[in-house]
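Indexing begins at 1, ligand by ligand and atom by atom, following the structure's order.
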Amino acid sequence: MSKFITLEGIEGVGKTSNLQFIENLLQEAGHSCVVTREPGGTELGEALRNILLHHQGEAMSADAELLMMFAARAEHLDKVILPALKAGKMVLCDRFTEATYAYQGCGRQLGEEKIAQLETWVQGDLRPNLTIVLDAPIDVGRSRAGRRSAPDRIEKEKDDFFQRVRDCYRQLAQRYPHRIALVDASLPLEQVQTQIKRVLLDYEIL
Ligand SMILES: Nc1ncnc2c1ncn2[C@@H]1O[C@H](COP(=O)(O)OP(=O)(O)O)[C@@H](O)[C@H]1O
Ligand SMILES: [Mg+2]
């Protein structure tokens, strides 16, 4: 049966690394998977991602940022996510709407009302079957991500921004425990993966 699984967390906590691990587990269990990411996952979405992460010059308004996130998401649902779910596949996505609540809602302090309206408009009642929040202190994420590449427009934000983002993810997991699971991502990779496997079993994905 098709399931929609999303991975969330601040930069450097291990989303991309663990996506492959989850894909392998699902494939071993006999599922076919589509692995994708947000913002992005389509031609238009990747073009919007480029603007969102690398726009320079005149500052982008928080509302414009929010609307572009959902424009990319609408395209992603239409072209990739919904067709894959309809075809009975597992969809694994590196970030989704919980990231919008965390980054634009809490990081940019736009609040949740506008996001909830857009979520209903763009997604109807579609929500991920499972969201795994990889949680680690912001300095842990930063030191891991720092080894990787130059910071993008959003990664350049200050500590208090990322602290709000992390706190928001933790609150979302508390509020929606039936579909959002928190994993301690500060531990060594092997222990993070043990927790992820347990979550996949507990939420009856595997
Ligand atoms: N549990 C872990 N312990 C130590 N290093 C890790 C762990 N998980 C991921 N990493 C490393 O941290 C860096 C960032 O991981 P990545 O998966 O790209 O994070 P994200 O996609 O969340 O930004 C990579 O170099 C990765 O190998
Ligand atoms: Mg990543």
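Residues M68 and P39 fail the side-chain proximity criterion, which asks for heavy atoms closer than 4.5 Å. In this structure, the side chains of I205 and I5 come closer than 4.5 Å at one or more pairs of heavy atoms.
In this structure, L19 falls outside the shell of residues with a heavy atom less than 4.0 angstrom from ligand 1.
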- prompt: Is there a side chain to side chain donor-acceptor pair (under 3.5 Å) between T6 and E98 once you walk through the steps?
  reply: CA-CA 9 Å; T6 63; E98 280 58 42; 4.5 Å; no

task: Report the C-alpha distance between T36 and D94 in whole Å, list the side-chain angles of each, state the deciding distance to 0.1 Å, and finish with yes or no for side chain to side chain donor-acceptor pair (under 3.5 Å).
output: CA-CA 6 Å; T36 185; D94 191 332; over 6 Å; no

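Between V192 and ligand 1, a contact under 3.5 Å exists for no N or O pair. The shortest N or O to N or O distance between D94 and ligand 1 is not below 3.5 Å. Not a single N or O atom of A145, backbone or side chain, sits closer than 3.5 Å to an N or O atom of ligand 1. Distances between N or O atoms of N18 and those of ligand 1 include no value under 3.5 Å.
At a cut-off of 2.8 Å, S17 does not coordinate the Mg ion (ligand 2) through any N, O or S atom.
Within the cation-pi definition used here (under 6.0 Å to the ring centroid, within 45° of the axis), R166 does not qualify as a partner of Y169. In this structure, R127 is not positioned above the aromatic face of F4 in the sense of NZ or CZ being under 6.0 Å from the six-membered ring centre and within 45° of the axis.
Against a heavy-atom cut-off of under 4.0 Å, P188 is close to the following atoms of ligand 1: 1 (N). Applying the 4.0 Å criterion to heavy atoms of S17 picks out, from ligand 1, the atoms 9 (C), 15 (O), 16 (P), 17 (O), 26 (C).
Comparing R144, Q20, Q191, K15 against atom 3 (N) of ligand 1, the shortest heavy-atom distance belongs to R144.
Under a 3.5 Å cut-off, the side chain of S2 and the backbone N or O of L85 do form a donor-acceptor pair.
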